[in-house]
Protein chains: 2
Amino acid sequence: MIGQRYTKTRKNIFKALSNSKKPITAQEIFNSLKNNDEKINLASIYRNLDLMEKSDLISVILFGEGKKRFELKEENSHHHHFFCENCGDIEDIKMNEDKILANIKKTKFLIKEHKLEFFGLCPDCQ
Amino acid sequence: MIGQRYTKTRKNIFKALSNSKKPITAQEIFNSLKNNDEKINLASIYRNLDLMEKSDLISVILFGEGKKRFELKEENSHHHHFFCENCGDIEDIKMNEDKILANIKKTKFLIKEHKLEFFGLCPDCQ
DNA sequence: AGTATTATTGCAAATAATTCGCAATAAATC
DNA sequence: GATTTATTGCGAATTATTTGCAATAATACT
């Protein structure tokens, strides 16, 4: 579990993350819960997202929009993303990473994580 | 050229970027120029970095620190980064990307760019 | 179940990065 | 050198995120 107490706020943040097919921002989680008439505070969302990241329950995704996006880490769900520079559409990209990882493992760094993001135009925007 | 005028401010930002061996933040560019007694304004740095990015002269690097880092794009200098989660050390990582790119080219997306960042511990922090 | 303990929340205020409006300045052009 | 207008500096505004603190609610204890 995150922290030590399984609170309503935490359940709700979890729910919002599961319901989203794309990585979402703290503000988007807030809006989605507000729309469901949940009493929730943005600061609590940020605090919980921090904890969830530290507990390795979520990943942080960065597209240079000036804010962070979050998504649940699930079993065998490792993937990367495509971000459309025109419309902001986000799609998951899965790929065989043996080569990437084999290369980096040879270095003197202890790798815990990697993020690979693609930028370009989605089919609709080409 | 960026924009249409080759100003002192632009020369200085260029210089600051060239002098740095790692991707640096807007604030770091500002500090470095201030230390050299250059009259420079943070807003102008941001404006020029925007232009330079649009002109494809620099890349934006994101490590989730809550700010952007920038580095000059030079001929044949394409590479990725390692970011030490403990001390913040940044190192360049070069690798053969044929496989990554071959895979992604098969998709319906038009890829213009990709960013691959590694996170973990540098030799000193292990 | 009732009470005690303390992690967690809500709220408001503080930070930090980045952006914007506008008048002043300085490159490039004539 | 005078003119044009892109660019700068400055201050204020915006946006994302963080923090302090008293109030609240999950769990543990009896």
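Within every chain, numbering begins at 1; the chains are lettered A, B, ... in the order of the sequence lines, protein sequences first and strands thereafter.
Rounded to an integer number of Å, the gap from B/N48 CG to C/dA27 P is 13 Å. The CG-C1' distance, from A/L51 to C/dT8, rounds to 10 Å in whole Å. Residue A/E65 contributes atom CD, which lies 13 Å from atom P of C/dT19 at whole-angstrom precision. One can place CZ of B/R5 at 13 Å from P of D/dT4, the figure rounded to the nearest angstrom. Residue B/D50 contributes atom CG, which lies 13 Å from atom C1' of C/dA17 at whole-angstrom precision. In this structure, the CE atom of A/M52 is 18 Å from the C1' atom of D/dT17, given to the nearest Å. We find that NZ of B/K11 is positioned 12 Å from C1' of C/dA26, with the value rounded to whole Å. Rounded to an integer number of Å, the gap from B/N12 CG to C/dA27 P is 12 Å.
B/Q126 places a side-chain N or O within 3.5 Å of a backbone atom of A/K108 that can act as its donor or acceptor partner.
For the pair B/T9 and D/dT7, the criterion of a side-chain N or O lying under 4.0 Å from OP1 or OP2 is not met. For D/dA25, neither phosphate oxygen OP1 nor OP2 lies less than 4.0 angstrom from any side-chain nitrogen or oxygen of A/T7.
Backbone-only contact: B/K39 has heavy atoms under 4.0 Å from sugar-phosphate atoms and none from a base.
The base of D/dT8 is not paired with the side chain of B/R47 by any donor and acceptor separated by under 3.5 Å.
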